[in-house]
Amino acid sequence: MRSKVSGTKKLVIVESPAKAKTIAQYLGDGYEVQASVGHIRDLIEPKNLPPELKKGSLGKFSVDVENNFEPYYVVSDQKKKTVADLRRALKNADELYLATDEDREGEAIAWHLLKELNPKVPVKRMVFHEITAEAIEQARQNTREIDKDLVDAQETRRILDRLYGFEISPVLWRKVGPGLSAGRVQSAATRLVVDREKERLAFTAASYWDLSARLDPAAGTGFDSRLARVNGARIAQGKDFDDLGQLKSDVRILDTVSAESLATALRNPAVGVEVTSVESKPYTRRPAAPFTTSTLQQEAARKLRFTARQTMSVAQGLYENGYITYMRTDSPNLSQQAITAARAQAASLYGADTVPDKPRTYTGKNKNAQEAHEAIRPSGEAFRTPAELSSTLRGNDIKLYELIWKRTVASQMADAKGLTASVVIAATVTQPLEAFPGAGPTVAEFTASGTVITFRGFMHAYEESRDEERNATAEPAEAKLPPLAVGQSLTIAEVEAKGHETSAPPRYTEASLVKKLEELGIGRPSTYASIISTIIDRGYVTPRGQSLVPNWIAFSVVRLLEEYFSDLIQYDFTAAMEDDLDRIAGGLEDRVAWLTSFYFGSDKHRGLRNVIDNLGDIDARTINSIVLTDEITLRIGKYGPYLEVAADEVEPGEEPATPRRVNLPVDLAPDELTAEKAQELIDAPIVNDRVIGLNPDNGKRIVAKDGRFGPYVTELEPEIELVPEPEVAAPVETVDPATGEVVTTKPKRKPAVKKAVVVKPRTASIFKSMDLATVDLATALRLLSLPRTVGQDPETGEDILAQNGKFGPYLKKGADTRSLTEEDQIFEIDLPGAIELYAQPKYGARKASSALKEFDADPESGKPIRIKDGRFGAYVTDGITNATIPRGETVEEIDFERAIQLLADKRAKGPVVKKTAVRKPAAKKPAGADATAAKATAAKKPAVKKPAVKKPAVKKAAVKKVAVKKAPVKATAATTPTARKAPVRTTASAAAKPAAE
């Protein structure tokens, strides 16, 4: 966004268009504000380096590891227009303000802008943690130089991730599978999820019983209690068992018989019940600290069910539009301005008594807090309430703002206070019980407690949520006990024996994983959202509800890393790297020295290069195998996990039997694959191929099969046609020059040979409404005959076909398609129905070109942004770039700023280039190419006249000629602006790009 004012101006550059738009409102006409839309340059892909640099020390990583780890940066193709616009704006400026974010990444963006634009006017670094008129004015008056230490820390992190990923990821491709990646933080996060699943696999549930009783005093309301002791021995609870189901405390376990017998005895009205102890103590609960990045992600996940990525996306929009302070921070501290605002608002809304005499101060648990100096809070010197913004903010924006507002105000409010009463009640059974042998009566002690909140304090505004944790001590629920006194008699109104089982450690959620990463000091809050997205996108983890379930391939990856890269995946080592980066940011560590130590080795590090060079042999089969029993092994194969059963032993001389393999159900979680479950899958009836009948047209057998991608029907064997060779040539007549006679030469007749031509058998998936066991011959033949010709379009004469596809049933007329609602319509729809369907707008009641939402012009392309509904879901487009709306976000939640960001992210990934587009430059011959081609032709001509033994020379010449044609393509790829677009994005090339972390 730029302020259109004539004359010389001061140029201000920020990261995002939304931020530019907001800041421009405060700076006035003398300033022009433009956005870089993130980084303008980055490390070049090694394959796009100029040819002369690919063979040197720079070629492997685009980082010169032998010369102070100097990186090779380039402006991406998507940012060349942005850079050109910034240069044009700079020509009319008398001063440049670099106003990117105040953390390492923002500092690095400012430094790259400075290096690329090379301004001739004064340059100032302007930073602020909120976008308000006061904050912008203060930042303008207190500019500084670029902090090179912060830049060094960011650059070190970027180079570290490049070295880590490019060295280790190829090992994963070779030994586990293509498309995988390793990263210093993502690998540690994956290991955490896998380790938790291993704990669940090793877990053994323990059973125990207890009693609950409803007790009534003579006067007052009854209350619930729980059995605590019998004859002085404490009764076992879930917290008394370890993960193997063994007791870890000196307690007594009640089984079904003992619990039921005691319950029966206590139902006798003659049982004496009295209060033996009454205690009352004050209850105090303090408010939670204001949000940091990680606590915001955790609480938004618990309360709003947001993913970490979604939380950061919404928070970014709130910050850039001036509603909250900077959202990437480790500090829970509030400025004096914010403390005053929060206290004033709490007093105004909830009463002066809810505000303590002294302001509350908070310090972070993280000893290396990031560079932002304040917690996430509403912006400004007076906070706007959610009610005041209800007409401005919508959807997720207002939800997250309200969460931040409540937490900030509550953090400056008084403690909640109350009283917690605890009572012990003894029930004496006089008759002897076999389950409890011993002299004298059986005494069962019950306990009950209740908390009464007498002063709610901060609870008027906000209460923090908690993650699911085993055996965690929860905050006492507000419950009131009746007045009780020691010696008071009670009556048992109801008693119940209950059986329980201990529970396995809960799986990580996004919230609890973020919390754990922060506790271990792994990564930084600004990276958590992208890390969780990466381990999901790579297929290491699958969300199931709120839980993160590891896939089996993650077990293989973690095992390989633990066995061969043990240092690099240790939690302490990964956390220590974060500390080192913080030391570089603080100017306490040298960037080059640290990278040298990490890569080449030192007393502190073994050295990544040394680890790679001394890996030894890695047995891929062992890495991808997990022994479940003596006979059953889990294999993680190329096409997914499966069980392998050892083959039976054979007599000497016999061929070894083939091991039996059983595919795992897709929805079976790792912790559900016990030895018993594996045996159950092995013992399940084998789904054999079922011969349905014979195809009357060719006599082939039609077979029903259950394959890896689902049930289908097919012809049993390929069709083989015997094609005779052509007829033998006719006799040849020649004249003998010596005698003049006509000589007839009969060619030797070759024996008739018939060539076998293999025709691929037809197959067809069955419909979801069909059962493989009951599909009959007529249905199978109809499936094999697809696509079905419905008829011809009366206007164009084109065939209308009904068929099934990857995304469901549809009609096809040339390139025009229409979706069908059910698979059965493939056989049922007639020509009038098809014509009627084509007469309707595409994609139901909406045309493909109609917009669900419309926004202003995109600052990058200058074209209006629209949200459209496509065949694969809703997407954002400016007519040039299309970006699919991410999972978890809805059309209603996408605003102008988010739409810009989605398009910018998609442009940064680059376009998908077709193969034909890559070969086009080869048609242009560079200087000297004609001469080279002529030499190749000259070399070829005499070779044709020479005997057959010289023929290989012809082939060699052709090879050289092709190499000449390819040479200009390589040169173009390395040196022209379109170099990064040239490579074709295939599965193999995609796998060759490790993730950043």
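A quick note: this is a predicted structure, and the numbers were derived from the prediction, not measured.
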Do D537 and T534 have a side chain donor and acceptor closer than 3.5 Å?
no
For residues V541 and I532, determine if any side-chain heavy atom of one lies less than 4.5 Å from a side-chain heavy atom of the other.
no
Between S169 and F166 (side chain of the first, backbone of the second, donor and acceptor by atom type, cut-off under 3.5 Å), is there such a pair?
no
Output for pair (I880 CD1, K906 NZ), nearest 0.5 Å, gives 13.0 Å
Spacing of OH belonging to Y508 relative to CG belonging to L548, to within rounding of 0.5 Å:
10.5 Å
To the nearest 0.5 Å, how far apart are CD in E854 and CZ in F896?
13.0 Å
So E197 and V194, do their side chains get closer than 4.5 Å, heavy atoms only?
no
Once rounded to the nearest 0.5 Å, what's the spacing between atom OG1 of T774 and atom CD1 of I692?
9.5 Å
Residues passing the salt bridge (charged side-chain N to carboxylate O under 4.0 Å, His left out) test with R762, sequence neighbours excluded, are E715
Between the main-chain N or O of I894 and the side-chain N or O of K853, is there a donor-acceptor pair closer than 3.5 Å?
yes
I'd like to know if the side chain of N695 and the backbone of D697 have a donor-acceptor N/O pair within less than 3.5 Å.
yes
Full working for salt bridge (Lys or Arg N to Asp or Glu O under 4.0 Å) between K81 and D858:
CA-CA 13 Å; K81 181 180 181 299; D858 180 74; over 6 Å; no
K863: partners by side-chain hydrogen bond (donor to acceptor under 3.5 Å, both in side chains), with sequence neighbours left out
none
With a 4.5 Å limit on heavy-atom distance, are the side chains of L513 and I535 in contact?
yes
State, without any angle test, whether S181 and Q186 hold a side-chain donor-acceptor pair at a distance under 3.5 Å.
yes
Apply side chain to side chain contact (heavy atoms under 4.5 Å, CB included) to V557 and T190, showing your working.
CA-CA 9 Å; V557 169; T190 303; 5.6 Å; no
Main-chain N/O of D816 paired with Y838 side-chain donor or acceptor, under 3.5 Å:
yes
Any side-chain to backbone donor/acceptor pair from S313 onto Q310? Under 3.5 Å, distance only.
no
Measuring from atom CG of L180 to atom CZ of R538, what distance do you get when rounded to the nearest 0.5 angstrom?
8.0 Å
We want to know whether N551 and T542 form a side-chain donor-acceptor pair, criterion being a heavy-atom distance below 3.5 angstrom.
yes
Using side-chain heavy atoms (C-beta onward) and a distance below 4.5 Å, is I800 in contact with T789?
no
Min side-chain heavy-atom separation S16-I900 under 4.5 Å:
no
Taking the side chain as every heavy atom from C-beta outward, state whether L673 and W552 have any atom pair closer than 4.5 Å.
yes
Kindly say whether R41 contributes a backbone atom to a donor-acceptor pair with the side chain of K79 at under 3.5 angstrom?
no
Partner residues of L694 under the side chain to side chain contact (heavy atoms under 4.5 Å, CB included) criterion, sequence neighbours left out:
R701
So, taking the atom named CD1 in I867 and the one named CG in L902, what distance separates them when rounded to the nearest 0.5 Å?
8.5 Å
Mind listing the closest non-hydrogen atom pair of K175 and N624 along with its distance?
O-ND2, 2.8 Å
State whether the side chain of R544 and the backbone N or O of D667 hold a donor-acceptor pair below 3.5 Å, judged by distance alone.
yes
What do the steps show when you test D776 against T779 for side chain to side chain donor-acceptor pair (under 3.5 Å), and what is the final call?
CA-CA 5 Å; D776 56 19; T779 303; 2.6 Å; yes
Any chance you could lay out the side chain to side chain contact (heavy atoms under 4.5 Å, CB included) test for M770 and L783, step after step, and finish with the verdict?
CA-CA 11 Å; M770 299 176 180; L783 291 169; 4.0 Å; yes
More than 12 heavy atoms of other groups within 6.0 Å of E672 CD:
yes
Of all heavy-atom pairs between I835 and P794, which one has the smallest distance, and what is that distance?
CD1-CD, 3.5 Å
Output yes when a side-chain donor or acceptor of Q803 lies under 3.5 Å from a complementary backbone atom of K812, and no otherwise.
no
Any heavy-atom pair between the side chains of R690 and V775 that's under 4.5 Å?
yes
Considering only heavy atoms from C-beta outward, does the side chain of D397 approach that of N321 to under 4.5 Å?
no
Can you tell me if Q546 uses its side chain to pair, donor with acceptor, with the backbone of T509 under 3.5 Å?
no
List in chain and number order the residues that pass ring pair (Phe, Tyr, Trp, His ring centres under 6.0 Å) with F767, two or more places apart in sequence or in another chain; answer none if no residue qualifies.
F827
Smallest separation among heavy atoms of A308 and Q297, with atom names:
CB-OE1, 4.1 Å
Measure across A315 and L400 and return the closest heavy-atom pair with its distance rounded to 0.1 Å.
N-CD2, 3.7 Å
Looking only at heavy atoms, the pair that brings A802 and I826 closest together is CB-O, 3.5 Å
Do you know which two heavy atoms are closest between T82 and A35, and how far apart they sit?
CG2-O, 3.8 Å
Would L393 and L318 satisfy side chain to side chain contact (heavy atoms under 4.5 Å, CB included), going step by step from the backbone distance to the final call?
CA-CA 9 Å; L393 297 177; L318 291 173; 4.0 Å; yes
Should S765 and N804 be marked as a side chain to side chain contact (heavy atoms under 4.5 Å, CB included) after you check the CA-CA gap, both sets of side-chain angles, and the distance that decides it?
CA-CA 9 Å; S765 297; N804 219 345; over 6 Å; no
Please name all residues satisfying side-chain hydrogen bond (donor to acceptor under 3.5 Å, both in side chains) with K813, sequence neighbours left out, ordered by chain then number.
D793
Could I get the full list of salt bridge (charged side-chain N to carboxylate O under 4.0 Å, His left out) partners for K19, not counting sequence neighbours?
E15, D101
